[in-house]
Number of protein chains: 2
Amino acid sequence: MTLPRSTPPEPQPQPPETPQPPQRHPGGRRPGENRTREQILDAARECFAERGYDATSVRRIAETAGVDQALVHHFYGTKEKLFLNALEIPLRMPEALAEAAAGDRVGLGSRIVLAHLRVWEDASARPAMMTTLRSAATHRSAAAVLRDYAKGSIREALGKVITGEDVELRIALIATTLIGLSLTRHLVRLDPVPDTSPQELAARLGPVIDLHLDPVTPAA
Amino acid sequence: MTLPRSTPPEPQPQPPETPQPPQRHPGGRRPGENRTREQILDAARECFAERGYDATSVRRIAETAGVDQALVHHFYGTKEKLFLNALEIPLRMPEALAEAAAGDRVGLGSRIVLAHLRVWEDASARPAMMTTLRSAATHRSAAAVLRDYAKGSIREALGKVITGEDVELRIALIATTLIGLSLTRHLVRLDPVPDTSPQELAARLGPVIDLHLDPVTPAA
DNA sequence: TGGTGAATTCATCGCTTGCTGAGTTGTATG
DNA sequence: CATACAACTCAGCAAGCGATGAATTCACCA
């Protein structure tokens, strides 16, 4: 039952035309620790963030991770399941927002914008956020994650602060502001938003958030 | 050289199992007028708007249009070129914005929001706008169209009205507000934005636009 | 020390994709 | 009436896709 494969472990005379680019492995388990699962997830986040779900092939992810395509399926089953794993947003955003909401009411809007931007600027959180945002337009699960995340974390942070009429709508509009900002800053790249400092953006958008927190003219 | 094909025009005894669903055509040019080109473009807009560029196949577009797949290539060459044609945004938006900007300064922000929403509500303009917005996250051309359109039409409408520091940024932030609104209203569907009346949205977001038109606190 | 199971590669299957060329039918032009 | 071109369908190709199963190698535990 253990007959050798069609190509036995012949040591490959290695003609000089093959520069052996991505370090071929002969097959079988590699020695040492197994961080492959995480490598695949990182590679997936990177690819999904860059090109979206549909335009990213499992083969490409595997290549980025430096492993065989079958390993991706071995660990995550299907491309879809891998994608869902890649959507897991790091917990930084809710934390950051809650922290921003803790302080004084003056400058609250500005602090929220800064907290939002800071998480996006974080290199370790960014691929997951980018994946979510980029795929939200085409993939239902990504849209759902974005929805829950936006409403959830904002409500959690500002739930005690915001009162009055139409609280749900006003929270949604704050989320709209922040999502819209990320969209034009990182995805559509609407000049000059990508090159504007967080401070200036906070100065411009802080009052907008404040306006939703305390509307000057209650809706008629 | 004109030998008949393998299946000659045999009239197909038509066994009752074939309900002949999409009205088969025998081949060759159809009599009467040719609106097929436009039908294909409409079908493309519909499909692209619904599922995005990558998830839409040429075959599906052809099926939606009720024609053979090869016709799509006959008229538009490649899927990419067809997509670019589908992105052509109807001229209504610049018009509507200019019209809104014409009136009094009081309530200007609110009128802009209403104009923006009205164009989106228009059934004939919607597929193209939806296609653009949905694909902007994954397709460079779509992002470029969205960019040019947003900045261009808003600057054209408000160029004379908006003055002071950082005009470019403030215009971009107005565009961000409107794009973000369309995103949460039509794509991500962030509750309760999709079900909110244009009037209430205008009441909530009009002041935001006004704030960008006339910042109360000039940026430090 | 032997055996079980996890990690890894390879080869491949079945399907869908965008696209093409050949052939057929209609319309228009001389 | 003949020629030419535009519209249209059919059949199929080459490439890429997601996914699978067998074979191989390693780690670990009894």
Side-chain angles (χ1 to χ4, degrees), chain A residues 1-12 20 22-41 43-44 47-48 51-63 65-84, chain B residues 1-12 20 22-41 43-44 47-48 51-63 65-84:
Chain A
M1 281 303 185
T2 331
L3 44 134
R5 237 180 298 178
S6 53
T7 318
E10 200 178 277
Q12 289 280 118
Q20 201 175 1
Q23 192 179 355
R24 299 255 98 196
H25 290 278
R29 184 172 187 159
R30 303 192 197 151
E33 288 211 358
N34 336 332
R35 243 195 45 87
T36 312
R37 197 187 168 98
E38 290 74 20
Q39 280 172 228
I40 291 176
L41 188 56
C47 294
F48 286 143
R51 319 164 60 97
Y53 180 84
D54 293 308
T56 299
S57 66
V58 175
R59 284 167 164 86
R60 183 182 204 89
I61 293 173
E63 192 187 2
V67 300
D68 189 277
Q69 183 201 184
L71 258 194
V72 177
H73 289 106
H74 173 65
F75 282 119
Y76 293 96
T78 67
K79 181 187 177 186
E80 177 76 20
K81 286 183 194 160
L82 170 60
F83 179 68
L84 293 181
Chain B
M1 280 306 185
T2 332
L3 44 135
R5 235 178 301 177
S6 51
T7 317
E10 202 177 277
Q12 289 281 118
Q20 200 177 3
Q23 193 181 355
R24 299 253 98 197
H25 290 277
R29 181 171 189 160
R30 302 189 200 153
E33 289 211 359
N34 335 331
R35 243 195 46 89
T36 313
R37 195 187 171 100
E38 289 75 20
Q39 279 172 227
I40 292 176
L41 188 57
C47 294
F48 285 142
R51 319 164 63 96
Y53 180 84
D54 293 308
T56 298
S57 67
V58 176
R59 284 168 164 84
R60 184 183 204 88
I61 295 173
E63 192 187 1
V67 299
D68 189 276
Q69 183 201 184
L71 256 195
V72 178
H73 290 104
H74 173 65
F75 281 119
Y76 293 95
T78 67
K79 181 187 178 186
E80 177 76 20
K81 286 183 194 161
L82 171 59
F83 178 68
L84 293 182

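Lettering of chains follows the sequences in order, A, B, ..., and the numbering in each one begins at 1.
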**Prompt:** Rounding to a whole Å, what distance do you find between B:I61:CD1 and C:dG18:P?
**Reply:** 8 Å
**Request:** Round to a whole Å and report the spacing from CG of A:N34 to P of C:dG5.
**Result:** 17 Å
**Item:** Spacing between B:L82 atom CG and C:dC19 atom C1', to the nearest angstrom
**Value:** 14 Å
**Request:** May I ask you to verify if any side-chain N or O of B:T36 is less than 4.0 angstrom from the OP1 or OP2 atom of D:dC8?
**Result:** yes
**Request:** Round to a whole Å and report the spacing from NE2 of A:H74 to P of C:dC10.
**Result:** 16 Å
**Fill in**
Rounded to whole Å, the CD-P distance (B:Q39 to D:dA7) equals 13 Å
**Item:** Flag side-chain contact, heavy atom, 4.5 Å: B:Y76 against B:L41
**Value:** yes
**Prompt:** With respect to the phosphate group of D:dC17, does any side-chain polar atom (N or O) of A:S57 fall under 4.0 Å of OP1 or OP2?
**Reply:** yes
**Asked** To the nearest angstrom, how far is B:Q69 atom CD from C:dC19 atom P?
**Response** 9 Å
**Message:** Ignoring hydrogens and geometry beyond distance, is the side chain of A:R59 in donor-acceptor contact with the base of D:dG18 at under 3.5 Å?
**Reply:** yes
**Where B:V72 and B:A62 come nearest, the two heavy atoms and their spacing** = CG2-CB, 3.9 Å
**Message:** I want to check a possible cation-pi pair here: B:K79 against B:Y53, using under 6.0 Å from ring centre and within 45° of the ring axis as the test.
**Reply:** yes
**Fill in**
Of C:dG21, D:dA7, C:dG18, the nucleotide closest to the side chain of B:H73 is C:dG18
**Asked** Over how many whole Å does the gap from A:D54 atom CG to C:dT16 atom P extend?
**Response** 16 Å
**Prompt:** So which nucleotide from C:dT8, D:dA7, D:dT20 ends up closest to the side chain of A:F75?
**Reply:** C:dT8
**Prompt:** A:D68 near the nucleic acid: base, sugar-phosphate alone, or nothing, with a heavy-atom cut-off under 4.0 Å?
**Reply:** base
**Message:** Just the rounded figure in Å: distance from P of D:dG18 to CD of A:E80.
**Reply:** 12 Å
**Asked** Is the number of heavy atoms from other residues, nucleotides or ligands under 6.0 Å of A:Q39 CD greater than 12?
**Response** yes
**Asked** How far apart are the C-alpha atoms of A:F75 and A:L82, what are their side-chain angles, what is the distance that settles it, and do they pass the side-chain contact (heavy atoms from CB on, under 4.5 Å) test?
**Response** CA-CA 9 Å; A:F75 282 119; A:L82 170 60; over 6 Å; no
